[in-house]
Amino acid sequence: MTIKTKFNLPTVILGIFAVMGFSAIGYQLVNGLGVTGMNNIVSWGTYIMLFMFFVGLSAGGLIVSSSATVFNIPSFKVVAKPATILSTVCVIVAAGFIMVDLGNPFRMLNLLLHSNFKSPLMWDVMVISLYLVINVLYLYLMTREKPNQKAMKIMSSVALPVAILVHSVTAWIFGLQIARGAWHTAIMAPLFVASALDSGLALLLIVLVLLATFKVFVVEKKLITTLAGLLVTFVAVDAYLLLSEMITMIYPQGEAMHHAEVLISGQLAPYFWIQVILGLVVPLAILLFKKNREKMRLVVFSSALIVFGVLCKRIWLLFSAFVHPNIAEGQGITLGYNQPNIWSTVGTYSPSLVELMISVGLISFGILLFSFLAKKILVQKSSQENQFSDKEGKIYSMVKNG
Amino acid sequence: MMRYGMVIDLEKCMGCHTCSISCKMQNNIPQGMLWNRVVSVGDEGLDSVEGLFPNVKRKYIPIACQHCDNAPCQKACPVGATYYDENGSVQIDYGRCIGCRYCMAACPYNVRVFNWEEAERHPDFNYGDGVVPVRDVGVVEKCTFCKERTSEGLDPMCVECCPAEARVFGDLDDPKSEVSRLIRERNGEQLLKEKGTKPKVYYLGLNGEV
């Protein structure tokens, strides 16, 4: 098999990143969260931003694979396995980002011992655990010799609403906080679900094409085109919800204008406009046309833009609530570090090297875990189906030529 | 039942920061953070003023935990480390806090501070009365209404030390207490009242600003 040689060098590099990330976690455990760029005003940073991002990314997989059974779309069934593996890995990475964000990770058991069920964070802990269990069970059912269709059906009918719930609850962590005007909107949960659907499906498409490139798993071109059609619908819904939110903030020219300005022309404007243009407008312009959806290269390009756009969206979404504290009068707020100037009236943040190393490390670990699971679960199947190798070759060349 | 509250008379406050410093001393607060800070309305600096010369005015607002009756931080804490004590004040169980900082995101007043790194103190030892627990790296802390003092029947340290006698501490549930009387007679106002958090710290002479 060619897989071994093709996976080798990236595997080594990702392995090094992962090891570096885990050493950085060790360093952070010893020295405290002071090694990050966070402070008392911007009290959440890259970790929580990536947590939101990866919870969202895990959506695409499970939703596509479970809607295959729930809505009886047999063509989706083909990708159920890689989709569910992707979903599982993304939710594990998301949980990892929550763990590295804790100031006292060794007390994590308190989440079980002293649960406060009034806290949206507690709801999220429960619903993400449930989501992970469902993903793993679903994967287990799918990889049986003879999949139990009835169990699969029940499982996917549970999986779909839980997937929607995971993204809504994650949104409510932010959206329910009266303290943060930029987050406090009823549209937060739908906005999260929409972003989760488009970024998750876009990632799934990229992964499917990559798997075909590495001859690990074969999908028909037609299915990619169908999924790209679904993707453009999700992007359109995401754009619509964002427009609805922004116009509600801007039109009255009232208090919410304060938050809108940060996005339109303030500190977070680059992320906002990159998301709007590269993450929404360009992919929509490309994927709206059927003949573009048939070109693999354009589908992958648009998918990459969508994933990148949603990453930018996570950035502006999280930090917009921290830029201007409610009470930002003279001298402001103490930042929490022993430095010459301990005060600030605005929130500023840039991730530290340790923070970046941990983030890159966790993501590398996720990619490794995915390729390990993909090889373990998917490859044995395709090696049994060697007779399809000419079809694979066709798809490979198709991918190369766009 | 006791319901501890505080009244701060902004017409008496002269912005001397004695409350911040006495609080820091009493509660053994490390370098880089304060539980109680004095802000001035105007621009970004210390002792800032509102308006253009000669039409300027200056107003100081001391801010610490507002000990809300409907505290968003208490609802947010996933492990119940933030709780209401028997006097209605909002307290933190430092031994239970997992350091997720959700409470900091939930607090509209930005009064919660986090122990980002190993505490540094000048002088290089624990100060205060020795009864206040020392906090570890990775936990959130904030004003406790000096629970170690008030449980002994003393006033919080900021009330004790304020040279302008701008601060009064007492029972909000007792209509005859001085805090209740001041709020009633001099129109005590709460910070960010529209958020509905129902603070137990009242300001006199705030005039709706902030």
Side-chain angles (χ1 to χ4, degrees), chain A residues 31-36 38-41 43-44 48 98 101-125 173-174 176-181 183 321-322 325-339 342-346, chain B residues 30-34 37-49 59-61 63 72-82 93 95-102 104-120 136-140 191-192 195-197 210:
Chain A
N31 292 287
L33 285 176
V35 300
T36 68
M38 293 184 273
N39 55 60
N40 285 339
I41 302 180
S43 49
W44 276 344
I48 293 292
I98 279 282
D101 187 64
L102 294 182
N104 250 314
F106 298 115
R107 291 188 190 157
M108 211 148 49
L109 263 185
N110 284 358
L111 288 168
L112 300 176
L113 299 176
H114 306 288
S115 313
N116 172 19
F117 295 107
K118 277 194 283 180
S119 170
L121 208 61
M122 193 69 229
W123 308 342
D124 213 36
V125 168
I173 290 180
F174 307 94
L176 296 185
Q177 290 311 327
I178 188 89
R180 307 283 164 180
W183 292 342
F322 290 119
N326 291 323
I327 302 173
E329 308 300 346
Q331 263 211 116
I333 292 152
T334 58
L335 295 172
Y337 291 92
N338 183 19
Q339 57 197 21
I342 67 165
W343 298 92
S344 180
T345 53
V346 286
Chain B
Q31 290 294 103
M33 61 179 95
L34 290 169
R37 57 198 156 86
V38 182
V39 302
S40 43
V41 180
D43 58 31
E44 291 168 11
L46 172 70
D47 293 336
S48 57
V49 293
K59 177 176 276 174
Y60 293 105
I61 307 173
I63 300 174
C73 55
Q74 191 271 338
K75 280 190 274 188
C77 179
V79 295
T82 293
D93 181 344
R96 192 186 281 190
C97 173
I98 57 171
C100 69
R101 308 185 304 294
Y102 193 22
M104 294 178 77
C107 174
Y109 308 96
N110 283 80
V111 294
R112 290 177 162 257
V113 291
F114 189 68
N115 288 279
W116 297 100
E117 46 194 9
E118 200 66 53
E120 281 181 62
D136 293 328
V137 180
V139 300
V140 173
L191 284 186
L192 305 176
K195 300 278 183 196
T197 51
V210 179

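Letters A, B, ... mirror the listed sequences (proteins, then strands); counts begin at 1.
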So, the part of B/Ile61 with a heavy atom under 4.5 Å from chain A: the answer is neither
Of B/Ser48, B/Gly80, B/Gly45, the largest count of non-hydrogen pairs under 4.5 angstrom with chain A goes to B/Gly45
Scored by heavy-atom pairs under 4.5 Å with chain A, the best of B/Lys195, B/Glu118, B/Gln74 is B/Lys195
Assert top hit (heavy-atom pairs under 4.5 Å, partner chain B, pool A/Met108, A/Gln177, A/Met122, A/Gln339) equals A/Gln177
Smallest heavy-atom separation, B/Pro72 atom then A/Ile178 atom, equals CG-CG2, 4.3 Å
Fill in: Donor-acceptor under 3.5 Å (A/Asn338 side chain, B/Gln31 main chain)
no
Check whether any side-chain N or O of A/Asn40 sits under 3.5 Å from a backbone N or O of B/Phe114 as a donor-acceptor pair, and report yes or no. yes
Without swapping roles, check the side chain of B/Arg101 against the backbone of A/Asp101 for a donor-acceptor pair under 3.5 Å.
yes
Practice problem: Please lay out, stage by stage, how A/His114 and B/Asp93 fare under the test side-chain contact (heavy atoms from CB on, under 4.5 Å). | Solution: CA-CA 12 Å; A/His114 306 288; B/Asp93 181 344; over 6 Å; no
Honestly, the part of B/Asp43 sitting under 4.5 Å from a heavy atom of chain A is backbone
Okay, A/Ile173 and chain B: the region with an atom under 4.5 Å from a heavy atom over there is both
If you tally heavy-atom pairs under 4.5 Å between each of A/Pro325, A/Ser115, A/Pro120 and chain B, the highest tally belongs to A/Pro120
Heaviest contributor of heavy-atom pairs below 4.5 Å to chain A, chosen from B/Gly42, B/Ala105, B/Cys97, is B/Ala105
Closest heavy-atom pair, B/Ala106 versus A/Ala179, reported as atoms and distance to 0.1 Å, is O-CB, 3.0 Å
Of B/Val137, B/Val140, B/Val113, B/Val139, the largest count of non-hydrogen pairs under 4.5 angstrom with chain A goes to B/Val113
When rounded to the nearest 0.5 Å, the distance separating OG1 of A/Thr345 from CD of B/Glu44 is 3.5 Å
When every non-hydrogen atom of A/Ser119 is compared with those of B/Cys77, the smallest separation belongs to CB-O, 3.7 Å
Honestly, the part of B/Asp136 sitting under 4.5 Å from a heavy atom of chain A is side chain
Show me the side-chain donor-acceptor pairs of residues 328-337 of chain A shorter than 3.5 Å, one per line, residues at least two apart or across chains.
| residue | atom | partner | partner atom | Å |
| --- | --- | --- | --- | --- |
| A/Gln331 | OE1 | A/Trp343 | NE1 | 3.0 |
| A/Thr334 | OG1 | B/Leu34 | N | 3.4 |
| A/Tyr337 | OH | A/Met38 | O | 2.6 |

When the 4.5 angstrom heavy-atom criterion is applied to B/Ile98 and chain A, the contacting part is both
TODO: Keeping the roles fixed (side chain from B/Arg96, backbone from A/Asn110), state whether a donor-acceptor pair exists under 3.5 Å.
DONE: no
A/Asn116 and B/Lys75 have their tightest heavy-atom pair at ND2-O, 3.5 Å
Honestly, the part of B/Cys107 sitting under 4.5 Å from a heavy atom of chain A is backbone
In short, B/Cys100 meets A/Leu102 closest at the heavy-atom pair CB-CD2, 3.6 Å
Which of A/Val125, A/Leu111, A/Asp124 passes side chain to side chain contact (heavy atoms under 4.5 Å, CB included) with B/Pro78? It is A/Leu111
| task | Apply side-chain contact (heavy atoms from CB on, under 4.5 Å) to B/Arg37 and A/Ile342, showing your working. | result | CA-CA 12 Å; B/Arg37 57 198 156 86; A/Ile342 67 165; over 6 Å; no
